[in-house]
There are 2 protein chains.
Amino acid sequence: MSYQDFTERMSKIADVNYSIAVLHWDKEVNLPPKGAQHRSQQIATLSGISHEMFTDPEFGKMLDDLSEKNGLDELQRKNVALIRKDYNKQKKYPTSFVIELSKTTSESYHAWVKAKKAKDYSLFREALGKLVKLKRQETEIVGYEDHPYDALVDEFEPGAKTKDLAELFADVREKLVVFVNKLKEKSQVNADFLYKNYPSGKQWDYGLKVLAQMGYDFDAGRQDVSPHPFTTNFSPNDVRVTTRIDENDLGNMIWSCIHEGGHALYEQGLPTEQYGLPLGSYLSLGIHESQSRLWENNVGRSLAYWKANYANLQSVFPENLGNVELLDFYKAINRVEPNLIRTEGDELHYHFHILIRFEIEKGLIEGSLEVDDLDQVWNQKYRDYMGVEVPNDSKGILQDIHWSHGSIGYFPTYSLGSFYAAQFYAQAEKEIPGLASQIESGDSSQLLTWLQQNIHQHGRRYTAEELCRKITGESLNFDYFMKYVESKYAGIYN
Amino acid sequence: MSYQDFTERMSKIADVNYSIAVLHWDKEVNLPPKGAQHRSQQIATLSGISHEMFTDPEFGKMLDDLSEKNGLDELQRKNVALIRKDYNKQKKYPTSFVIELSKTTSESYHAWVKAKKAKDYSLFREALGKLVKLKRQETEIVGYEDHPYDALVDEFEPGAKTKDLAELFADVREKLVVFVNKLKEKSQVNADFLYKNYPSGKQWDYGLKVLAQMGYDFDAGRQDVSPHPFTTNFSPNDVRVTTRIDENDLGNMIWSCIHEGGHALYEQGLPTEQYGLPLGSYLSLGIHESQSRLWENNVGRSLAYWKANYANLQSVFPENLGNVELLDFYKAINRVEPNLIRTEGDELHYHFHILIRFEIEKGLIEGSLEVDDLDQVWNQKYRDYMGVEVPNDSKGILQDIHWSHGSIGYFPTYSLGSFYAAQFYAQAEKEIPGLASQIESGDSSQLLTWLQQNIHQHGRRYTAEELCRKITGESLNFDYFMKYVESKYAGIYN
């Protein structure tokens with residue numbers, strides 16, 4: 001097989017995968033209710049075709065041949081090596097296991113839906129138990145050197161190790177939790193004005209302007225509305241975002257636009273000529289999230305950003321914000337408060353939510369925890385770290401869909417995203433002279449260029465660890481996040 | 001192979017084909033400009049996969065086995081027989097021919113775009129010549145009994161014969177053209193008020209109500225806007241229509257909604273349990289068009305329909321229609337006038353456009369016409385039948401995209417649609433007591449039920465000829481159309 005045969009094959013597989021992405025996007029944005037059943041079936045069929053194309057033994061042989069071939073340049077070798085690794089991992093799964101897992105996740109999803117509605121963990125317990133058993137089995141199938149949880153995390157954050165995550169979350173527990181508890185002693189900031197009535201048409205128009213200002217290319221994407229905001233892409237030239245509009249919660253729309261916009265800028269910045277290849281793909285969920293979080297928090301919740309934009313926002317909503325000072329607005333959008341639901345968590349408590357899920361997942365996979373009284377374990381952790389009482393399982397252990405999908409090892413990437421974002425942003429501040437004053441004047445173009453050059457254009461060329469070292473000179477270091485947090489929140493809570 | 005294996009296989013092929021339809025729909029409705037190239041590639045890849053799945057020799061053997069199998073019921077035998085026929089037809093095409101045709105249509109499309117822009121047929125002539133040569137070759141590959149054009153028409157209107165079409169279009173020439181020429185002596189009706197300013201938001205809302213009133217199920221579909229209105233479907237439970245809104249032309253939106261709504265009701269009425277099978281598919285383009293035309297013209301341009309709906313339309317647009325009497329509105333929407341552009345043709349002249357294309361296509365395929373001076377032939381026919389002078393090729397021979405796509409044999413189905421519609425509607429009037437007064441009171445539910453029971457539910461169970469006989473007791477008969485036309489236009493033009 002020539003390298004060209006390889007890229008053509010990968011391109012065809014990508015065509016199928018991106019078609020699946022179109023079907024999913026349409027499902028979330030447009031699908032009439034009766035269309036759901038056939039749409040699921042259509043997605044399943046294309047997924048089967050894509051899987052067959054990728055795991056074709058003939059393709060495996062081609063990859064072996066190609067990886068021994070001379071004459072490939074470094075980037076080509078990288079593409080082949082990464083695909084070969086993916087291929088070999090895929091081939092480890094016995095068909096019987098894949099079928100069993102697919103059946104179990106489907107059952108478990110339905111059990112979760114029912115249990116969540118009934119606010120009763122006991123309806124989900126058995127299905128979750130089956131799933132955990134299978135995921136433990138999966139760690140043996142995939143293999144690991146150090147900790148079985150490594151095998152699961154690798155799916156979402158290639159190369160990440162449980163050992164390092166455990167250290168990171170120990171920091172969260174020891175530094176962040178302690179810091180946030182100190183904030184509780186301070187007087188709370190007022191944010192009531194964010195929850196007045198904000199007409200949805202005006203919100204929509206404002207959100208489009210936010211995206212345009214970030215540098216999101218509307219000729220290579222579009223925004224729509226969906227119940228849960230998300231970003232998807234069908235090539236770097238068609239990257240779509242969605243937002244949600246709540247007429248009684250302005251922040252919901254603004255930061256979902258900025259967050260998804262950050263994801264989208266990453267996808268729009270991937271090299272088009274590497275379509276379907278690892279070097280044309282995002283690196284990991286953690287790095288993806290670093291881009292959304294960097295824009296959402298480091299930029300979008302900064303005083304500098306709102307110095308540039310607040311007057312305009314006031315002019316769009318004069319009834320609600322006309323009498324609110326910039327500094328009061330800034331404090332309100334950074335209000336810190338313990339809460340029950342992860343997706344509604346503030347910038348700091350968010351990581352408490354992830355900490356709890358990480359501890360539980362790690363325990364389940366290594367066998368130090370079982371599903372039996374997991375609701376009690378959950379509630380106790382929320383008491384210990386967050387200081388809140390979980391009123392029912394729907395607002396507790398059943399709140400997230402991930403486990404019911406069999407996605408164990410996914411949650412830590414959310415925190416990784418914020419921690420990488422802090423470290424990258426600190427570096428960008430060093431390397432871009434006058435970044436703060438650019439942001440203050442509404443110009444984030446140099447920041448975007450910096451992100452494109454340092455992160456986006458590389459695709460999967462480096463591991464997250466390598467990329468982080470290459471950009472910042474060191475591995476992921478939680479101190480950057482803590483420094484950012486301390487300096488920012490000292491200003492807000494004195 | 002069991003019948004279940006067969007349906008599962010067909011269902012998977014349908015999943016891929018409907019996925020392609022989603023990609024197309026999204027392309028027309030949503031695609032950002034830069035996304036076009038990869039989208040075309042994604043569609044091409046899925047089309048290749050679908051073609052491979054359908055033409056797999058192993059599948060052919062399965063079909064042979066299955067068609068000899070006992071124990072299938074009549075409907076099952078029908079499904080197998082129709083697919084076997086499709087399969088055998090597909091297999092006749094040598095790969096080299098398919099590649100050549102695909103290359104030529106692609107070139108010819110680009111030549112057409114260029115020529116249309118330059119208003120110069122000579123830039124399209126060579127490409128069209130090549131295409132015609134290939135289409136003549138195709139008639140030999142596919143085979144035919146009587147006339148080579150039969151082989152091409154069969155793709156769009158299975159079983160239709162050139163001989164019958166020639167008779168039909170002789171009727172158009174001798175009866176319809178003569179009738180319309182008599183109308184020219186009458187005084188023209190005024191339609192100016194239809195071209196005042198009609199705000200697009202109000203038009204949009206009105207269009208949705210039109211669809212709802214027809215019985216279009218919004219839980220199994222949705223309407224969007226696109227440059228060229230169309231209907232597509234991803235199952236009978238997800239049938240989508242689009243419309244076009246011109247603020248200075250109310251009729252454009254109203255009758256595109258009703259027309260596409262008619263197509264959509266057909267698709268929504270196909271049996272879901274026959275998903276992916278011939279009995280779950282529309283019968284032919286002519287029958288499809290009969291449904292859109294029946295709603296658009298026999299219902300939607302009737303006095304009865306507007307007796308039910310005109311007051312409401314007036315209340316939506318009081319500035320423009322408040323002082324226009326129902327009868328004047330009715331006359332305006334049925335105004336007859338020679339014109340150059342097929343898609344803008346009125347209910348009667350429309351068939352002159354098709355007559356001209358039929359005569360040219362038939363001539364090109366049988367060899368009595370060549371592409372050399374085809375623009376002159378075109379212009380002469382417009383002079384002869386329509387009494388108009390073609391000012392340039394862009395408004396003449398280059399106006400339609402179809403030939404550049406290699407779609408020769410498609411145009412006649414448009415006229416067949418109207419003629420079937422007239423015959424079916426005459427029958428419906430006989431069988432549904434009080435149909436006219438139901439329409440006058442805004443209730444078309446019995447008509448829809450009649451169409452569902454007589455046409456929609458059967459899919460491809462009968463040929464168009466069989467279906468027409470089954471419903472009306474006779475073959476397609478042009479007299480029904482003429483009778484409808486004469487009685488309606490006598491009222492409008494005295």
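Letters A, B, ... are given to chains in the order of the sequence lines, protein chains preceding strands, and every chain is numbered from 1. Computed from a prediction, not measured in an experiment: that's the story for all the values here.
- Only the backbone of B:F218 has a heavy atom closer than 4.5 Å to any heavy atom of chain A.
- Checked against a 6.0 Å centroid threshold, the rings of B:Y275 and A:H38 count as neighbours.
- Counting heavy-atom neighbours within 6.0 Å of A:Y109 OH, excluding the residue itself, gives a total of 12 or less.
- In terms of heavy-atom pairs under 4.5 Å with chain B, the best-connected choice from A:L31, A:N30, A:T45, A:I49 is A:N30.
- Counting heavy atoms from C-beta outward, A:W25 and A:S226 have side chains that stay 4.5 Å or more apart.
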(request) Decide yes or no on side-chain hydrogen bond (donor to acceptor under 3.5 Å, both in side chains) for B:E260 and B:T231, but give the supporting numbers first. (result) CA-CA 6 Å; B:E260 301 307 330; B:T231 302; 2.7 Å; yes
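- Residues of residues 8-22 of chain A having a heavy atom under 4.5 Å from any heavy atom of chain B, listed by number: A:S11, A:K12, A:D15, A:V16, A:Y18, A:S19, A:V22.
- Applying the 6.0 Å contact sphere to CD of A:Q457 captures more than 12 heavy atoms from other residues, nucleotides or ligands.
- Summarising the local packing, NZ of A:K61 is surrounded by 12 or fewer heavy atoms from other residues, nucleotides or ligands at distances under 6.0 Å.
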(request) Using the salt bridge (Lys or Arg N to Asp or Glu O under 4.0 Å) rule, take B:R244 and B:D246 through it: C-alpha gap first, then chi angles, then the decisive distance, then the call. (result) CA-CA 7 Å; B:R244 170 174 48 197; B:D246 178 343; over 6 Å; no
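- Contacts of residues 262-272 of chain A with chain B at a heavy-atom distance below 4.5 Å involve A:T272, listed in sequence order.
- Not one N or O on the side chain of A:R240 forms a donor-acceptor pair closer than 3.5 Å with the backbone of A:N233.
- Under the 4.0 Å criterion applied to side-chain N and carboxylate O atoms, A:D238 and A:R222 are not assigned as salt-bridge partners.
- Looking only at distances, no side-chain donor or acceptor of A:E28 sits under 3.5 Å from a matching main-chain atom of A:F230.
- Ring-plane geometry between A:H288 and A:Y282 is classed as tilted, the angle between the planes lying from 30 to 60 degrees on a 0 to 90 degree scale.
- Between A:L447 and A:L451 there is a side-chain heavy-atom pair separated by less than 4.5 Å.
- The choice from A:N237, A:D224, A:I43, A:V239 that makes the most heavy-atom pairs within less than 4.5 Å of chain B is A:N237.
- If you measure heavy-atom distances from B:D217 to chain A, the contacts under 4.5 Å come from the side chain alone.
- For the options B:A36, B:G221, B:A44, heavy-atom pairs under 4.5 Å to chain A are most numerous at B:G221.
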